[in-house]
Amino acid sequence: MSDQENYQKVCEVDDVWEGEMDVFDVGESEVLIVHSPGGEIRAYSPICPHQDHPLVEGELENCVLTCSAHLWQFDAISGKGINPTGTSLTSYPSKVEDDCIWVVLPES
Ligand code: FES
């Protein structure tokens with residue numbers, strides 16, 4: 001199957017306002033949707049790559065996502081670590097279509 005066929009609906013775009021992030025159940029998985037200031041929408045694994053803390057408990061400010069556990073910071077658009085560098089969020093392919101957010105999850 002192509003990625004096109006593997007897209008699963010996460011939520012409506014209006015469910016995550018610009019400048020906010022939230023976690024949604026998609027099948028057996030959870031997905032963190034980040035709607036950055038400026039309108040970019042990204043889908044990530046909801047767990048911090050540092051020590052498995054839920055990222056949704058952190059903050060999103062100026063396109064920087066900060067984990068609440070030990071304040072690691074990530075670029076909300078690229079997913080790359082800002083502080084520290086050399087790490088990154090696990091991102092999933094996503095798209096906006098029909099006013100909804102769609103994601104391709106890894107095979108489990
Ligand atoms: S668990 Fe996220 S910064 Fe440590």
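Both ligands and their constituent atoms are indexed starting at 1 by order of listing. Given the structure is predicted, the values throughout are model-derived calculations rather than measurements. Counting begins at 1 with the first residue of the sequence.
Of the N and O atoms on the side chains of Thr87 and His50, not one donor lies less than 3.5 Å from an acceptor on the other residue. Gln73 and Thr66 share a side-chain donor-acceptor pair at under 3.5 Å.
Of all protein heavy atoms, the one closest to atom 1 (S) of ligand 1 is Gln51 N, 3.3 Å.
The ligand atoms of ligand 1 that sit less than 4.0 angstrom from a heavy atom of His53 are 1 (S). Proximity to Trp72 (heavy-atom distance under 4.0 Å) selects the following atoms of ligand 1: 3 (S). Per-residue contacts place Cys67 under 4.0 angstrom from the following atoms of ligand 1 (heavy atoms of the residue considered): 1 (S), 2 (Fe), 3 (S). Per-residue contacts place Cys48 under 4.0 angstrom from the following atoms of ligand 1 (heavy atoms of the residue considered): 1 (S), 2 (Fe), 3 (S).
Side chain of His35 to backbone of Gly19: no donor-acceptor contact under 3.5 angstrom is found.
Using a cut-off of 2.8 Å, one finds that His70 contributes no N/O/S atom close to atom 2 (Fe) of ligand 1. Checking His50 against atom 2 (Fe) of ligand 1, every N/O/S atom stays at or beyond the 2.8 Å cut-off.
Stacking of Lys95 on the aromatic ring of Tyr7 is recorded, both the 6.0 Å distance cut-off and the 45° axial limit being met.
Using a 4.5 Å heavy-atom threshold, the side chains of Ser45 and Tyr92 count as touching.
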message: Could you walk me through whether Val16 and Ile41 satisfy the side-chain contact (heavy atoms from CB on, under 4.5 Å) test, starting with their C-alpha distance in whole Å, then the side-chain angles of each, then the deciding distance to 0.1 Å, before giving a yes or no?
response: CA-CA 9 Å; Val16 189; Ile41 292 177; over 6 Å; no

